[in-house]
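Contents: one structure, followed by commentary.
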Amino acid sequence: MSDDQPRRDQLAAGLGEVRARIAAACADAGREPAEVTLIVVTKYFPASDVLLLHDLGVRDFGENRDQEAGEKFAEVRAALGDGPDGVVLHFIGQLQTNKAGHVAAYADVVQSVDRPRLVSALDRGAHLANRRLDVLLQVDLDTSPQDAAGGAGRGGVRPEQVGELADAVAVRDLLRLRGVMAVAPLGADPDAAFARLREVADGIRRRHPGADWMSAGMSGDLEAAVRHGATHLRVGTAILGSRPSLL
Ligand SMILES: *Cc1c(COP(=O)(O)O)cnc(C)c1O
């Protein structure tokens, strides 16, 4: 038994619980679990956890900070080598324009695109790195008046502006528009938030038929996300445990 067996057991147990929750939520919603991709959010946790999760069958991972993600996944990819069994890295954090080129060099999906300048920067980065990127538009679902005015929230484009941003992504040859992403606003009813996201997602899909992903739902609200048609869930804490508060 190797030294990391206890951690492996912990991760396997967390993963098992989350997969059971997804299966139950799908059964309630009359959906197939195969329609839902579980992205395990490994921010703040080491590359060794990513490798254990990969060994447990996880292929999709989420990270939210450029430097941490770049270093960790360079290590992960070096350990795994080239091959069909690699990881898919989803960048899910707020992204500064000056970091976009770097992220474009290693991420497979950028889920947090929320403004035209970021679209140009990612497209430039994709050309420099000679890679294709899948893109989701992060939608701001906050309906409280102070946040709409102040923009102190977690980022995201207002629902009224999603269509225009979608068109800006769709004309870029190395960016592929895949759909929308959102975080339920703090304190809000996730069912109401994800119902709204679903409307936005349907609107985008009518204009861009290939953009059929809806990334929603985290440890605390994945059932609501499944009920409203999420195709991708982003789950950290329920699998890896509490994140260290400082890093
Ligand atoms: C951290 C994070 C998650 C995972 O949240 P948990 O509550 O730990 O499951 C999901 N989405 C985004 C955008 C995140 O930053």
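Indexing begins at 1, ligand by ligand and atom by atom, following the structure's order. Index from 1, following the sequence. Computed from a predicted model, the values in this text were never measured in an experiment.
- Within ligand 1, the atoms closer than 4.0 Å to a non-hydrogen atom of R234 are 4 (C), 9 (O), 10 (C), 11 (N), 12 (C), 13 (C), numbered from 1 in the order shown.
- Checked by atom type, the side-chain pair H90/D134 shows no donor-acceptor distance below 3.5 Å.
- Using modelled atom types, no side-chain atom of K43 and backbone atom of G93 make a donor-acceptor pair closer than 3.5 Å.
- Residue contacts with ligand 1: G236 is placed with a nitrogen or oxygen under 3.5 Å of a nitrogen or oxygen of the ligand (distance criterion only).
- Scanning the protein heavy atoms around atom 10 (C) of ligand 1, the nearest turns out to be M218 SD, 3.2 Å.
- Other residues, nucleotides and ligands contribute over 12 non-hydrogen atoms within 6.0 Å of the CZ atom of R131.
- In this structure, a donor-acceptor pair under 3.5 Å is present between the side chains of S215 and Q111.
- Listed by atom number, the atoms of ligand 1 under 4.0 Å from K43 heavy atoms are 1 (C), 2 (C), 3 (C), 14 (C), 15 (O).
- When each atom of ligand 1 is checked for a heavy atom of V235 under 4.0 Å away, the hits are 9 (O).
- Contacts of Q111 with ligand 1, taken as heavy-atom pairs under 4.0 Å, are absent altogether.
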With a cut-off of 3.5 Å and sequence neighbours excluded, list every side-chain donor-acceptor pair involving residues 76-85.
residue: R77; atom: NH1; partner: Y106; partner atom: O; Å: 2.9
residue: R77; atom: NH2; partner: D108; partner atom: OD2; Å: 2.8
residue: D85; atom: OD2; partner: R59; partner atom: NH2; Å: 3.4

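- Under a cutoff of 6.0 Å and an axis angle of 45°, R234 and F61 do not form a cation-pi pair.
- When only non-hydrogen protein atoms are considered, atom 12 (C) of ligand 1 lies nearest to I92 CD1, 3.5 Å.
- Near R243, with a cut-off below 4.0 Å to any heavy atom, the atoms of ligand 1 are 1 (C), 8 (O).
- With respect to atom 9 (O) of ligand 1, the closest heavy atom belonging to the protein is S219 OG, 2.5 Å.
- Listed by number with element, the atoms of ligand 1 under 4.0 Å from a non-hydrogen atom of T237 are 6 (P), 7 (O), 8 (O), 9 (O).
- In this structure, R7 pairs ionically with D49, as a charged nitrogen and a carboxylate oxygen lie closer than 4.0 Å.
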